[in-house]
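Comments concern the structure below.
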Amino acid sequence: MTEITSSQSIKNNSHQQPSTCPVNSYNSWDPLEEVIVGRLEGATIPPSHPAVTFNIPKKSARLLKIFGGMPYPRFLIKRAQKQLDEFIHILQAEGVTVRRPDVLNFSTTYKTPYWSSRGHCVACPRDGFIVIGNEIIETPMAWRSRFLEGYAYRSLFQEYFAKGARWTAAPKPMLLDDLYDYTYTVPESGEPMRYVINESEPVFDAADFIRCGRDIFVQQSNVTNLAGITWMQRHLGDQYRIHIIQTKCRTPMHIDSTFMPLAPGKLLINPNYIDPETLPSMFKSWDIIIAPPPEPNPGQLSSYVSLTSNWISLNMLMLDEKRVIVEKNQTSMMKTLKEYGFEPIPCPFHEYPAFGGSFHCATLDVRRRGTLQSYF
């Protein structure tokens, strides 16, 4: 058996990224060098469950009761795949290395001792994983249909680990019935906030966290509880500060259609969900960019089966502090971004929300050229 010396142990456990490590990312705007982009092969419509149906548009939730657990229709995959291919082409043309998860069949039923489910897809790697420095963290997602999603990324993560990355998985959740409120109703405006999930075990989606160097922002949501936020803060330690953002959304899920730091000193917010007056005082010196109303989805059918709100228009991908990939039909958003000095790169992507996200959701930063900094 090979013995690990104390000096080796210190190096491997350091938060500082080794020069040869392929994983390094602290924010959403340092120059992007390598990224994982999701897949549509094997995609399955998520089975109907309270943690799912209360987080998606009502018309799509009704369809899940009939079609949940079935493979996505081929024509929907074909349309979205064409746009995904163009997105990948843009990334590669801009000098970004693109990696892909493995193909899995999510229509197969799997079981734990307590429940059974079919899967969903690997269209949105940002939901289940977050990179902090040279560490990949697998998160304990609240959807049962995403319980085994990490298997599709295993070969990639093993490769990164072998080359020096740290690789951590939060405690695997049991996702018992006790976690969910099966009598849940959406709170009306003025009512106390309540969620589909409780605090019986830590659960969280990575997409409820947004990185800004030493400061990380998060929202409590229908897939992220306070226990999950506490786990993340304890795991990261004193080197990072986690701030909970208050949202007006009554069915919150994923912060990256609500609150998006785009560059140092520039924050994009969804005015329907965020009141600028309630932002933490640390943002007083920042430009607060109010997102314009989203343009209608030009695809009538894709709009009907979308798993996201129309505010997915905020779900853009920064290539650096200037260049940003934006959905082609969001002309008002691109105009607003140009006014603040950004350089939008349009790409059609309106078919992708049927699989759960847009550019930010569809990617996971592996490496950005930058170091850990404080921006406040």
Between [Y] and [X], is there a salt bridge with N-O shorter than 4.0 Å?
X: Glu33; Y: Arg369; result: yes
X: Arg323; Y: Asp320; result: yes
X: Lys163; Y: Glu159; result: yes
X: Lys266; Y: Asp287; result: no

Relative to each other, are the rings of [X] and [Y] parallel, tilted or perpendicular (30° and 60° limits)?
X: Trp311; Y: Tyr273; result: tilted
X: His235; Y: Trp231; result: parallel
X: Phe217; Y: Phe283; result: tilted

Heavy atoms only: give me the nearest [X]-[Y] pair and the separation to one decimal.
X: Pro46; Y: Ser145; value: CB-OG, 4.0 Å
X: Phe204; Y: Met232; value: CE1-CE, 3.7 Å
X: Met334; Y: Pro346; value: SD-CB, 3.8 Å
X: Val37; Y: Arg100; value: O-NE, 3.0 Å
X: Phe106; Y: Thr44; value: C-OG1, 3.2 Å
X: Pro261; Y: Ile210; value: CD-CG1, 3.7 Å

Do [X] and [Y] meet the criterion of a side-chain donor-acceptor pair at a distance under 3.5 Å?
X: Tyr182; Y: Asp177; result: yes
X: Thr168; Y: Glu138; result: no
X: Asn24; Y: Asn134; result: no
X: Ser155; Y: Asp102; result: yes
X: Ser28; Y: Arg368; result: no
X: Ser116; Y: Arg144; result: no
X: Asp208; Y: Thr224; result: yes
X: Arg126; Y: Thr363; result: yes
X: Arg118; Y: Thr109; result: yes
X: Trp167; Y: Gln158; result: no
X: Thr185; Y: Arg194; result: yes
X: Tyr160; Y: Glu34; result: yes

Side chain to side chain contact (heavy atoms under 4.5 Å, CB included), that's the test. Do Met316 and Glu327 meet it? Break it down for me. CA-CA 8 Å; Met316 56 192 71; Glu327 211 289 318; over 6 Å; no

Quick one, [X] and [Y] - any side-chain contact, counting heavy atoms below 4.5 Å?
X: Ile36; Y: Tyr153; answer: yes
X: Val203; Y: Val223; answer: no
X: Pro276; Y: Ile269; answer: yes
X: His89; Y: Asp85; answer: no
X: Phe259; Y: Leu279; answer: yes
X: Trp143; Y: Met253; answer: yes

Check: Asn198 main-chain N/O paired with Asn225 side-chain donor or acceptor under 3.5 Å: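 The answer is yes, because a donor-acceptor pair under 3.5 Å joins these two groups.
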
Hey, is the main chain of Val23 close enough, under 3.5 Å, to the side chain of Arg367 for a donor-acceptor pair?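 No, the answer is negative, given that no donor and acceptor are paired below the 3.5 Å cut-off.
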
If you group Ile, Leu, Val, Met, Phe, Trp and Tyr by side-chain heavy-atom gaps below 4.5 Å, do [X] and [Y] land in one group?
X: Leu317; Y: Trp29; result: no
X: Ile345; Y: Val35; result: yes
X: Phe349; Y: Leu91; result: yes

Rounded to the nearest 0.5 Å, what separation is found between the [atom1] atom of [X] and the [atom2] atom of [Y]?
X: Leu40; Y: Glu351; atom1: CG; atom2: CD; result: 11.0 Å
X: Cys361; Y: Asn315; atom1: SG; atom2: CG; result: 4.0 Å
X: Ser309; Y: His254; atom1: OG; atom2: NE2; result: 12.0 Å
X: Asn329; Y: Asn297; atom1: CG; atom2: CG; result: 7.5 Å
X: Asn55; Y: Thr53; atom1: CG; atom2: OG1; result: 8.0 Å

Just wondering, more than 12 heavy atoms not from [X] lying within 6.0 Å of its [atom1]?
X: Tyr110; atom1: OH; result: yes
X: Lys338; atom1: NZ; result: no
X: Asn310; atom1: CG; result: no
X: Lys248; atom1: NZ; result: yes
X: His243; atom1: NE2; result: yes
X: Glu188; atom1: CD; result: no

How far apart are the C-alpha atoms of Arg241 and Ser374, what are their side-chain angles, what is the distance that settles it, and do they pass the side-chain hydrogen bond (donor to acceptor under 3.5 Å, both in side chains) test? CA-CA 10 Å; Arg241 301 175 289 264; Ser374 178; 3.2 Å; yes

Between Asp181 and Ile197, is the side chain to side chain contact (heavy atoms under 4.5 Å, CB included) condition met? List the steps. CA-CA 6 Å; Asp181 181 357; Ile197 58 173; over 6 Å; no

Using ring centroids (six-membered ring only for Trp), state whether [Y] and [X] fall under 6.0 Å.
X: Phe355; Y: His120; answer: no
X: Phe376; Y: Trp286; answer: yes
X: Phe67; Y: Tyr72; answer: no

CA sep, side-chain torsions, deciding dist, call: Val366, Thr97, side chain to side chain contact (heavy atoms under 4.5 Å, CB included): CA-CA 10 Å; Val366 174; Thr97 298; over 6 Å; no

Run the ring-ring contact (aromatic ring centres under 6.0 Å, His included) check on Tyr184 and Tyr195 step by step: do they pass? CA-CA 8 Å; Tyr184 174 83; Tyr195 303 94; 8.2 Å; no

For Phe87 and Tyr352, run ring-ring contact (aromatic ring centres under 6.0 Å, His included): C-alpha distance rounded to whole Å, both residues' side-chain angles, the deciding distance at 0.1 Å, then the answer. CA-CA 11 Å; Phe87 175 43; Tyr352 210 78; 8.0 Å; no

I'd like to know whether Cys121 forms a side chain to side chain contact (heavy atoms under 4.5 Å, CB included) with Glu149, so could you lay out the CA-CA distance, the side-chain angles of the two residues, the decisive distance to 0.1 Å, and finally the verdict. CA-CA 7 Å; Cys121 64; Glu149 194 169 311; over 6 Å; no

